[in-house]
Amino acid sequence: MEHKPVFRPSFGNRPEYLIGRDDVLEQLIEGISNYPGSAGRATLIVGQRGMGKTALLLELAERAQKLDFVVARVTCGEFMLDNMVELLQKSGDRYIREPKSPVKGFSAGAFGFSVGLTFTEEAQRSFGFRVKLEMIIDRLSKVGKHVLLLVDEVNPSVVQMREMAAAYQELAGNEADVSIVMAGLPSSISDILNYRTLTFLNRAQRISLGLIAVTEVELYYIGAFKRAGITVSMDIVKKAAAFTNGFPYLIQLIGYYIVRLAEQGKPVDEELLNRAEALASEEMDIKVFQAMLNPLSEQDRNFLAAMSEDDGVTKVADLEKRTGFSHGMLQTYRKRLIEAGVIFSPRRGELAMIMPQLVDYLRRMEKGE
């Protein structure tokens, strides 16, 4: 039987080790551990593609389960409400049936349940998502269990997403023992906060996922390459880590190609690293940069192309000269691209790309490469 790969560069996957997110996880655990109904029990995780949102939710789910949480992790979509209820039933049922900690006062058919967390036929037929969720939360709280809802790829245009958020708002208002963590692209989170029926989420804790320190990537690579059984010098490790710039998906991608290209018994050299970087860059172009730029307007892209003339930081005053945009128009595109999670402002009057590799990609596109 093959061992699990050390590097797993696919979206929605969980790496062997989650690096650089300990502070974020502590913040999330602290939030869901607040008293029922508190604002900290609702969190929005914001990040571009490849920033590790799904991996973070998977790690949170595992840690929360060890802290007496019953977890339902779903992807935003048409059947998310049914999936959420079924996952809570499946995960929480064993606690209700646990013979060592019976639930006093419950009997078959009581409070709409037949056995465990299985609804009676009448309850299944009569009640909607909100009531069923409340029933499950109440019953689990009787055995000391809390409920955690995790929603990935949030999209406010999905009707069930709005129903779920509205149900959570009502339950939180009643101080039900439930927490929710939602993850999505910057544009989706921005749309959620502007959606008139979901404005209560403006009070939610918001966490923006950034790049991981290159020094942490180096330490991770040292152990990961050793586990993969290949010889990599510290010089190559440093160069590989520097190339990733701390972008989570690229960290996995470079590691994967180095391991795949490495020959048994031969140390990784500069030529192999260059090949790995070329393959990783090609994949980043298609899966990250193209996907990131596709929703943007032509003027948005022109704005970014003007920024790509600089290495690192771009002065807003220089952008006005290059683009010919008025100050007001420039501020409009600046705000829109910041909300889309493509650029940020490191200091007043300056802008920079969220991912430094995007500069190189835009330059290559300008040249038609």
Side-chain angles (χ1 to χ4, degrees), residues 1-22 24-25 47-59 62 209-293 311-312 353-365 367 369:
M1 181 184 294
E2 287 189 17
H3 294 291
K4 285 185 179 179
V6 175
F7 297 101
R8 301 169 200 170
S10 60
F11 292 106
N13 211 337
R14 185 182 180 186
E16 184 189 28
Y17 291 100
L18 192 66
I19 63 168
R21 301 295 189 215
D22 287 341
V24 172
L25 282 162
Q48 268 295 352
R49 290 173 179 84
M51 276 292 187
K53 298 183 297 296
T54 301
L56 188 60
L57 290 183
L58 288 165
E59 184 71 22
E62 184 175 298
L209 296 184
L211 301 174
I212 294 166
V214 172
T215 51
E216 289 199 54
V217 181
E218 291 174 5
L219 291 172
Y220 167 64
Y221 274 163
I222 291 169
F225 290 135
K226 185 177 181 179
R227 290 190 296 276
I230 62 172
T231 303
V232 185
S233 70
M234 196 60 211
D235 181 56
I236 296 294
V237 164
K238 284 181 174 293
K239 288 178 178 177
F243 183 80
T244 71
N245 254 110
F247 185 64
Y249 180 61
L250 190 53
I251 292 169
Q252 295 297 312
L253 206 54
I254 286 289
Y256 168 79
Y257 279 119
I258 287 175
V259 172
R260 199 183 86 172
L261 295 172
E263 296 180 34
Q264 190 69 34
K266 291 182 65 176
V268 173
D269 58 18
E270 194 95 27
E271 182 185 352
L272 187 147
L273 176 62
N274 291 338
R275 287 163 59 202
E277 289 178 352
L279 289 168
S281 293
E282 187 177 338
E283 199 161 327
M284 282 284 290
D285 286 356
I286 298 168
K287 294 185 177 179
V288 177
F289 298 136
Q290 287 181 18
M292 183 188 295
L293 298 179
D311 294 317
M353 306 282 184
I354 286 286
M355 286 177 278
Q357 292 90 347
L358 181 58
V359 173
D360 179 59
Y361 174 78
L362 290 165
R363 287 173 179 174
R364 284 187 279 114
M365 292 303 100
K367 295 177 183 176
E369 295 179 5

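Because the structure is predicted, anything quoted here is derived from the model rather than measured.
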If you round to the nearest 0.5 Å, how far is [atom2] of [Y] from [atom1] of [X]?
X	Y	atom1	atom2	value
Leu250	Ile212	CG	CD1	11.0 Å
Ile230	Lys266	CD1	NZ	13.0 Å
Met292	Met353	CE	CE	10.0 Å
Glu282	Lys287	CD	NZ	11.0 Å
Asn245	Leu358	CG	CG	12.0 Å
Glu59	Thr54	CD	OG1	13.5 Å

**Prompt:** Between Tyr249 and Glu283, do the side chains contain an N or O donor and an N or O acceptor separated by less than 3.5 Å?
**Reply:** yes
Measure the shortest side-chain to side-chain distance between [X] and [Y] over non-hydrogen atoms and say whether it is less than 4.5 angstrom.
X	Y	answer
Leu279	Arg260	yes
Leu25	Leu18	yes
Leu209	Arg21	yes
Thr231	Val268	no
Asp269	Ile236	no
Met284	Tyr361	no
Asp285	Arg364	yes

Any idea which heavy atoms bring [X] and [Y] closest together, and the distance?
X	Y	answer
Ile19	Glu216	CD1-O, 4.2 Å
Ala240	Leu273	CB-CD1, 3.9 Å
Ala241	Thr244	O-OG1, 2.7 Å
Leu253	Pro9	CD1-CB, 3.6 Å
Lys239	Glu270	NZ-OE1, 2.9 Å
Ala276	Leu261	N-CD1, 3.7 Å

**Request:** Before accepting this row, confirm whether a basic side-chain N of the pair Arg363/Asp311 lies closer than 4.0 Å to the acidic partner's carboxylate O.
**Result:** yes
**Item:** Pair Glu16 + Arg8: basic N to acidic O under 4.0 Å
**Value:** no
Sub-3.5 Å donor-acceptor pair from the side chain of [X] to the main-chain atoms of [Y], do we have one?
X	Y	value
Gln357	Phe243	yes
Lys53	Gln48	yes
Tyr221	Ile251	yes

**Complete:** Test ring-ring contact (aromatic ring centres under 6.0 Å, His included), reference Phe7, set Phe225, Tyr257, Tyr17, output is Phe225
**Asked** Ile354 and Met51: side chain to side chain contact (heavy atoms under 4.5 Å, CB included), yes or no, with the steps?
**Response** CA-CA 11 Å; Ile354 286 286; Met51 276 292 187; 4.0 Å; yes
**Request:** Determine, stepwise, if the pair Glu218 / Lys238 fulfils salt bridge (Lys or Arg N to Asp or Glu O under 4.0 Å).
**Result:** CA-CA 6 Å; Glu218 291 174 5; Lys238 284 181 174 293; 3.5 Å; yes
